[in-house]
Amino acid sequence: MRTSAVRVRFCPSPTGNPHVGLVRTALFNWAFARHHGGTFVFRIEDTDSARDSQDSYEALLDTLRWLGLNWDEGPEVGGPHEPYRQSQRLEIYHDVAQRLLAAGLAYESFSTPEEVEERRKANGQDPKLGYDNFDRTLTNEDKEQFRSQGRNPVLRLMMPTEDITVDDLVRGEIRFPHGSIPDFVIVRGNGEPLYTLVNPVDDILMQITHVLRGEDLLSSTPRQVAMYKALEAIGIGDGVQPTFGHLPYVMGQGNKKLSKRDPESSIGFYREQGFIPEGLLNYLSLLGWSLSEDEDIFSLDEMVKAFEISRVNANPARFDLKKAEAINSTHIRQLAPADFQQRTVDRLIHDGILPASPSREQDECARSAALLIQERIGLLSEVGSMVGFLFVSDAEFDFDAGSAKKALGEPSHAVLDAAMQAIEALPDFTTASIEDALRSVLLEKMELKPKTAFAPLRVAVTGQLVSPPLFESMELLGRSSVLHRISRARNFPDQ
RNA sequence: GCCCCCAUCGUCUAGUGGUCUAGGACGCCGCCCUUUCAAGGCGGUAACACGGGUUCGAACCCCGUUGGGGGUACCA
């Protein structure tokens with residue numbers, strides 16, 4: 001019995017965009033490894049040349065790095081079981097397959113899917129029953145016959161005759177009756193190994209102790225266990241099998257599984273939306289797990305400390321964008337101001353609002369503005385619309401149509417005129433002096449309600465009804481721009 | 001068809017036989033605050049799928065029903 005520490009793996013196949021279910025799985029594996037002081041192995045299961053892509057591979061690494069889910073062994077990091085891309089381990093699988101064949105645990109199968117279906121129908125059975133183990137009893141003559149027809153056999157593993165039970169960390173004992181699962185393909189006709197072979201082989205070779213994966217793989221578990229036994233029989237591994245834990249599905253809206261094709265299933269979508277890793281990870285951790293009775297907001301460190309696989313839920317979870325955003329906004333607020341300032345600048349550059357190398361003035365202005373909006377946004381994508389007015393010339397500046405319609409026009413003229421006069425007369429142009437002057441003129445002298453007084457000014461200066469605090473915004477913008485924009489607002493809609 | 005998984009507020013969940021007339025969060029609704037249709041504060045709405053057992057006692061244990069999901073690939 002091996003007594004070594006926990007070794008878990010995250011082993012996606014590089015097809016398409018990394019999606020939220022995948023990342024949740026990565027997170028739980030990572031947290032489990034960290035909690036137990038174990039090893040987090042990252043392995044790429046790229047044995048389907050028709051579907052795998054380099055882009056997807058790179059997106060996978062990029063996503064994990066962005067989230068901070070660092071791996072101890074894997075691509076670009078290395079480790080004692082290199083290589084970690086299965087496409088580079090083909091000789092290993094070929095060798096194992098040959099040994100299984102030689103040991104009589106696997107056999108060559110020439111049946112086409114069509115032939116299997118025919119036989120099922122001919123026997124009055126439902127073709128959905130799948131493969132019928134027909135080729136188990138093929139004689140050498142039969143095989144020669146097929147070969148002479150130019151057929152290339154697949155390799156199938158023989159399923160054992162007894163029931164297979166799995167003690168699942170999340171679901172308890174699960175029993176699969178014998179005979180309910182046909183012999184399955186482990187090597188394609190063209191010689192390429194399949195997941196059914198390479199996944200268990202690598203788990204054994206890499207001495208994985210715990211397999212934490214999505215519920216979608218639950219039904220392939222008995223095949224996996226059968227493979228472990230076969231591998232043990234031919235002397236691969238030390239006879240210790242990994243323990244399974246099947247994590248619940250992450251569903252989309254309604255009752256459907258979050259499909260890879262839905263844009264909102266892609267992690268890239270959330271990143272682009274302006275989720276920060278802290279917030280997204282916190283939300284994802286809540287899909288099937290919880291820290292305590294009444295805490296929803298916590299750090300990765302806190303999660304690692306508390307993460308117990310036995311406390312993972314078995315029931316599927318729906319991804320709720322609203323809650324995800326709410327949690328993200330809390331994390332944004334918890335960021336140290338300097339940290340948030342940097343992320344604001346980065347985001348403005350990313351959005352093309354600031355140039356790749358902002359001037360000193362732009363940088364300082366953005367950092368000042370950041371302090372005004374940290375508590376007002378839930379997503380980084382809102383940064384641009386909140387402070388964009390500061391980085392556009394007066395000529396290019398424009399009013400948001402809806403906001404202008406509501407706040408500008410005839411009734412606002414008196415306010416705008418009075419404000420302009422007051423601002424022009426100011427000896428110095430600071431938040432405090434602006435506020436004093438405007439309040440005294442608009443609220444006290446003209447006896448306007450704050451809303452009536454400040455809404456037009458807000459739209460005039462920032463272009464929108466929702467903005468950073470007004471007086472601070474004015475100071476940041478500078479007097480001449482403020483006056484220019486108010487006068488344009490005064491002439492709205494004829495600018 | 002067969003096999004497997006799942007079942008607490010709209011959603012994510014707490015709850016592992018009595019402290020549950022079921023707790024928290026998001027959402028939603030209302031009120032307050034206010035320079036903003038933002039943020040913040042306060043309050044409210046809302047759930048143990050159903051039926052049988054077991055037990056002095058069941059959201060918690062067992063069985064069944066219903067409902068949902070997955071598998072039954074030369075995908076992973």
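So that the names make sense, note that chain A is the first sequence line, chain B the second, and so on, each numbered from 1.
- Each of B:rU35, B:rU13, B:rC37 was ranked by its minimum atom distance to the side chain of A:Arg439; first place goes to B:rU35.
- Residue-level contact check: A:Glu472 touches the bases, meaning some heavy atom is under 4.0 Å from a base atom.
- When distances run from any side-chain atom of A:Lys323 to the nucleotides B:rC12, B:rC6, B:rA76, the shortest one goes to B:rC12.
- When distances are taken from the side chain of A:Arg376 to each of B:rU36, B:rC5, B:rG70, the shortest belongs to B:rU36.
- A gap of 5 Å separates the C1' atoms of B:rA59 and B:rC48, to the nearest Å.
- Counting non-hydrogen atoms under 4.0 angstrom, A:Tyr195 reaches a base of the nucleic acid.
- Among the nucleotides B:rG24, B:rU36, B:rA76, the one closest to any side-chain atom of A:Asp296 is B:rG24.
- You'll find that the side chain of A:Asp320 is closest to B:rG10, out of B:rC74, B:rA76, B:rG10.
- Closest to the A:Arg318 side chain, of the nucleotides B:rU35, B:rU36, B:rC12, is B:rC12.
- Of the candidate nucleotides B:rU35, B:rC12, B:rA76, B:rU35 has the atom lying nearest to any side-chain atom of A:Phe471.
- Comparing B:rC74, B:rC37, B:rC4 by their nearest atom to the side chain of A:Val185 picks out B:rC74.
- Between B:rC29 and B:rG68, the distance separating the two P atoms is 31 Å to the nearest Å.
- Here the side chain of A:Leu218 is nearest to one of B:rC5, B:rU35, B:rA76, namely B:rC5.
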